[in-house]
Structures are given as structure tokens and as C-alpha cells.
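Here is the structure we will look at, set down as C-alpha cells.
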Amino acid sequence: MKPILILAAAAIAITIPASASQPQAVIPISLYSYGYVPNPIVLTAGQPVTLTFTNRSSKGHEFKAPQFFAASKILKGSAPEGALDLKGGASASVTLVPVRGTYRVHCGHFLHTQFGMATAIYVR
């Protein structure tokens, strides 16, 4: 390769922001009767991530984290009122940039939290 092409390629690489050159993380999150995997959920502040939620149960479950979704910058997908409500076997994805903090998660369906369907999100 000619030296001028090498210099041009290096200059372009330097001007691309680090977040654009890094692959986006995909974190699978399973909902089941009555819990979440992983538990807890650990994310990196300021790094775009796609959270892919899959309800492994035949009954409906919810991933309710209003403070987490309100603090995060949602790039793709949605979490109306800070929650995803998934019917049995359903999936959904949300791509976002999380903000440092500790956030509570639970299922808002009747008695599901009391049966242990709760976790935390740690954004470091």
C-alpha cells in the first residue's frame, strides 16, 4: 500500500468516534415464571446496548423499570411508561444508551413481584 493511502486511512480512523467503531452489545434477557436471567443485569454507562427480551413462559410477564428507561437515551424500540409487557412466548428489543446508576426491575402483574420476579440493573 502506498504511504499516502496509509496516512489517509489512519486520519479517517482517528476522526471516527470510539462508540461508532465499537460493536454494539446485545444483551439477551429472559423472563420466566417468576424471574429474570441474567440476575442482576450489568451494563456499561454511555455504551449503546440492545436489550432483547424474551418471555420463556406461556403466561404474560412484564419488565418494569421506569427510572431506568427514563434515564436512558432510547435509540430504537420503546418502553411505554417504563415497561415492556410481553405475552407468553413474545419477544421485544430496545436499543439504548444507559446512564450510571442502580435501577429496580419487577413484574407488575398481580403477585409476580411477591413470587420473586424482581431484579436490579447496575450501570457502571
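As a basis for the values below, the full set of heavy atoms in this structure was taken, side chains included, without hydrogen atoms, waters or symmetry mates. If you're wondering where the values come from, they're calculated on a predicted model, not measured in any experiment.
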*asked:* Can you tell me how far apart CG (Leu43) and OH (Tyr122) are? Round to the nearest 0.5 Å.
replied: 12.0 Å

*Side chains of Val26 and Val49: does their closest heavy-atom pair fall under 4.5 Å?*
no

_Value rounded to 0.5 Å, distance of NE2 in His106 from CD in Glu62_ = 6.5 Å

*Only pairs at least two apart or in different chains count here, so list each ring-ring contact (aromatic ring centres under 6.0 Å, His included) that has a residue in residues 70-94.*
none

_Qualifying residues under ring-ring contact (aromatic ring centres under 6.0 Å, His included), relative to Phe69, sequence neighbours excluded_ = none

_Any side-chain donor near an acceptor of the partner, Ser30 and Thr54, under 3.5 Å_ = no

*asked:* What I'd like to find out is whether the side chain of Ser91 reaches to under 4.5 Å of the side chain of Asn55, using heavy atoms alone.
replied: no

*Looking only at atom types and distance, does a side-chain atom of Thr113 sit under 3.5 Å from a main-chain N or O of Cys107, one as donor and one as acceptor?*
yes

Please list, one pair per line, the donor and acceptor atoms closer than 3.5 Å that link side chains of residues 71-86 to other protein atoms, with sequence neighbours excluded.
residue: Ser72; atom: OG; partner: Phe68; partner atom: O; Å: 2.9
residue: Asp85; atom: OD1; partner: His109; partner atom: NE2; Å: 2.9

*Find the distance between OG1 (Thr119) and CD1 (Ile29) and round it off to the nearest 0.5 Å.*
9.0 Å

*Of all residues at least two apart in sequence or in a different chain, which pass the ring-ring contact (aromatic ring centres under 6.0 Å, His included) check with Phe63?*
Tyr36, Phe53

*Are Ile27 and Val97 joined in one hydrophobic group, where the rule is that I, L, V, M, F, W and Y side chains link up if heavy atoms are under 4.5 Å apart?*
no

*Just checking, is any N or O donor in the side chain of Ser33 or Ser57 under 3.5 Å from an acceptor N or O on the other one?*
yes

*For Phe115, ring-ring contact (aromatic ring centres under 6.0 Å, His included) partners two or more places apart*: Tyr34

*When clusters are formed from ILVMFWY side-chain contacts under 4.5 Å, directly or step by step, what else is grouped with Val37?*
Tyr32

*Separation of Lys59 NZ from His112 NE2 (nearest 0.5 Å)*: 5.5 Å

*Between Leu31 and Met117, what is the shortest heavy-atom contact and its length?*
CB-CE, 4.1 Å

